[in-house]
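Side-chain atoms are counted along with the backbone in the values below, which use heavy atoms only and exclude waters and symmetry mates.
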Amino acid sequence: MTKIPQIVGEVTLANFEKIGQLFPQISRSIQRQFPSSYEEFVDTLYEDINDIVRDLEENPELQKPISEDRLTIQIRNGLRRLGYAADHETKVGGHADLIVKHDNWLWLGEAKVHNDYGWLLKGFHQLTTRYAVGRDYSSQGALIIYVTGKNTAGVMNKWAGHLVEHVDGGWELSTDHDIESPHLTFFSKHKHERSGLDFRVKHIPVSLYFEPRDKSA
């Protein structure tokens, strides 16, 4: 059994780090409550969203009929249970699907059920040109894609190509794969039109296809 070290004296960041080295979940909780930068706030948020997405994907049969709002509210509720200040359809340049705040930092998510790639492109434009401020305190966001058909990897590969080919506005847009899920999730980066600063979007699929071939109830 791992013994919890006895830490004597005042509570310091170094003490928190010692505990976090032994207990990763405690470490993430500390990062969640006391992020040292906007980047750490977003990185920890993505780890937590990944866990919530896995929960949704474990029982896709329970998500039918597919409802974009219902699924997004489940993600919001999961984030709230972890202590995030998360909202759905709050007005920030429009009614963004998912908003998470921490002090003065802001992260935005736009969610779309995948019907076609034009529909996803609309969501990308909503996120990046309508909702996102694009300043250093709000320089990242996500497009959450609910995939109801087969071959999520194929969908995301085609979406990455479609995005680069069809994005307009004269943006120089680049994409790179997420090292934790290289065949599904990817990032895009471009100059935000309003701020002129780099804006980074994580493209997150939620795989919900469910058509079992057995006759079990």
Side-chain angles (χ1 to χ4, degrees), residues 42-43 45-76 78 88 94-98 100 107-132 134 139-193 198-213:
V42 173
D43 287 346
L45 173 63
Y46 283 148
E47 289 186 50
D48 291 325
I49 289 176
N50 287 345
D51 289 344
I52 295 169
V53 167
R54 290 188 193 102
D55 289 341
L56 292 174
E57 291 180 334
E58 283 182 1
N59 293 287
E61 75 281 7
L62 301 181
Q63 309 305 333
K64 293 187 175 183
I66 298 295
S67 166
E68 182 180 293
D69 283 338
R70 182 165 61 88
L71 288 163
T72 306
I73 287 171
Q74 288 184 67
I75 296 175
R76 180 206 65 182
H88 171 62
H95 295 284
D97 286 331
L98 195 59
V100 181
W107 174 93
L108 300 171
E110 179 65 13
K112 292 294 182 189
V113 175
H114 171 55
N115 294 315
D116 58 63
Y117 296 101
W119 182 240
L120 299 185
L121 188 62
K122 178 179 179 180
F124 179 81
H125 284 314
Q126 286 175 318
L127 173 66
T128 58
T129 67
R130 180 180 294 276
Y131 306 141
S139 60
Q140 297 197 49
L143 182 66
I144 301 171
I145 302 170
Y146 302 123
V147 182
T148 61
K150 300 177 182 178
N151 193 3
T152 299
V155 168
M156 295 304 292
N157 185 54
K158 288 182 180 179
W159 164 233
H162 185 91
L163 177 63
V164 172
E165 183 179 354
H166 290 88
V167 71
D168 55 19
W171 301 343
E172 292 184 6
L173 183 144
S174 62
T175 62
D176 62 275
H177 289 287
D178 179 10
I179 59 174
E180 293 185 2
S181 183
H183 300 295
L184 295 178
T185 305
F186 69 93
F187 291 92
S188 65
K189 185 171 69 174
H190 68 280
K191 294 293 182 185
H192 191 273
E193 287 185 340
D198 285 342
F199 191 80
R200 194 167 187 242
V201 177
K202 186 172 186 178
H203 301 253
I204 305 172
V206 183
S207 185
L208 298 173
Y209 177 75
F210 186 75
E211 294 294 339
R213 298 191 180 190

Do the side chains of [Y] and [X] get nearer than 4.5 Å, heavy atoms only?
X	Y	result
M156	T185	no
F187	K189	no
I144	T72	no
E110	Y131	yes
H114	T148	no
N151	V155	no

Quick one, S188 with L163, criterion side chain to side chain contact (heavy atoms under 4.5 Å, CB included). Give me CA distance, side-chain angles, the key distance, then yes/no.
CA-CA 9 Å; S188 65; L163 177 63; 4.1 Å; yes
Salt bridge between R130 and E193, side-chain N to carboxylate O under 4.0 Å?
no
Do the charged groups of E68 and R70 touch, with an N to O distance under 4.0 Å?
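Salt bridge flag = no for R70 with E68.
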Measure across [X] and [Y] and return the closest heavy-atom pair with its distance rounded to 0.1 Å.
X	Y	result
L208	L56	CD2-O, 3.9 Å
L143	L120	CD2-O, 3.8 Å
P205	T152	CB-CG2, 3.7 Å
W107	G141	NE1-CA, 3.5 Å
L71	Q63	CD2-OE1, 3.4 Å

Short side-chain donor-acceptor distance under 3.5 Å, S207 and Y146
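No donor-acceptor contact under 3.5 Å links the two side chains.
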Around atom NZ of K64, are there more than 12 heavy atoms from other residues, nucleotides or ligands closer than 6.0 Å?
yes
Step-by-step side chain to side chain contact (heavy atoms under 4.5 Å, CB included) determination, Q126 to K112:
CA-CA 11 Å; Q126 286 175 318; K112 292 294 182 189; 3.1 Å; yes
Roughly how far, to the nearest 0.5 Å, is the [atom2] atom of [Y] from the [atom1] atom of [X]?
X	Y	atom1	atom2	answer
I73	L98	CD1	CG	10.5 Å
I49	K202	CD1	NZ	7.5 Å
I75	D48	CD1	CG	12.5 Å
F210	I66	CZ	CD1	11.5 Å
Q74	L62	CD	CG	9.0 Å

Pick one: which of L127, V201, V100 meets side-chain contact (heavy atoms from CB on, under 4.5 Å) with L108?
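Among L127, V201, V100, the one that satisfies the side-chain contact (heavy atoms from CB on, under 4.5 Å) with L108 is L127.
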Here's a test for you: under side-chain contact (heavy atoms from CB on, under 4.5 Å), which of V147, L121, V164 qualifies with W159?
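The single option meeting the side-chain contact (heavy atoms from CB on, under 4.5 Å) with W159 is L121.
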Does E47 form a side chain to side chain contact (heavy atoms under 4.5 Å, CB included) with D51? I'd like the steps, not just the answer.
CA-CA 7 Å; E47 289 186 50; D51 289 344; 5.8 Å; no
Give a yes or no on whether the backbone of [Y] and the side-chain of [X] come within a donor-acceptor separation of less than 3.5 Å.
X	Y	result
H162	K158	no
H192	T128	yes
N59	E61	no
D97	A111	yes

Would you check, one step at a time, whether the test side chain to side chain contact (heavy atoms under 4.5 Å, CB included) holds for Y46 with Q140?
CA-CA 11 Å; Y46 283 148; Q140 297 197 49; 4.1 Å; yes
Determine, step by step, whether H190 and F124 satisfy the ring pair (Phe, Tyr, Trp, His ring centres under 6.0 Å) criterion, reporting the C-alpha distance in whole Å, the side-chain angles of both residues, the deciding distance to 0.1 Å, and the verdict.
CA-CA 12 Å; H190 68 280; F124 179 81; 5.8 Å; yes
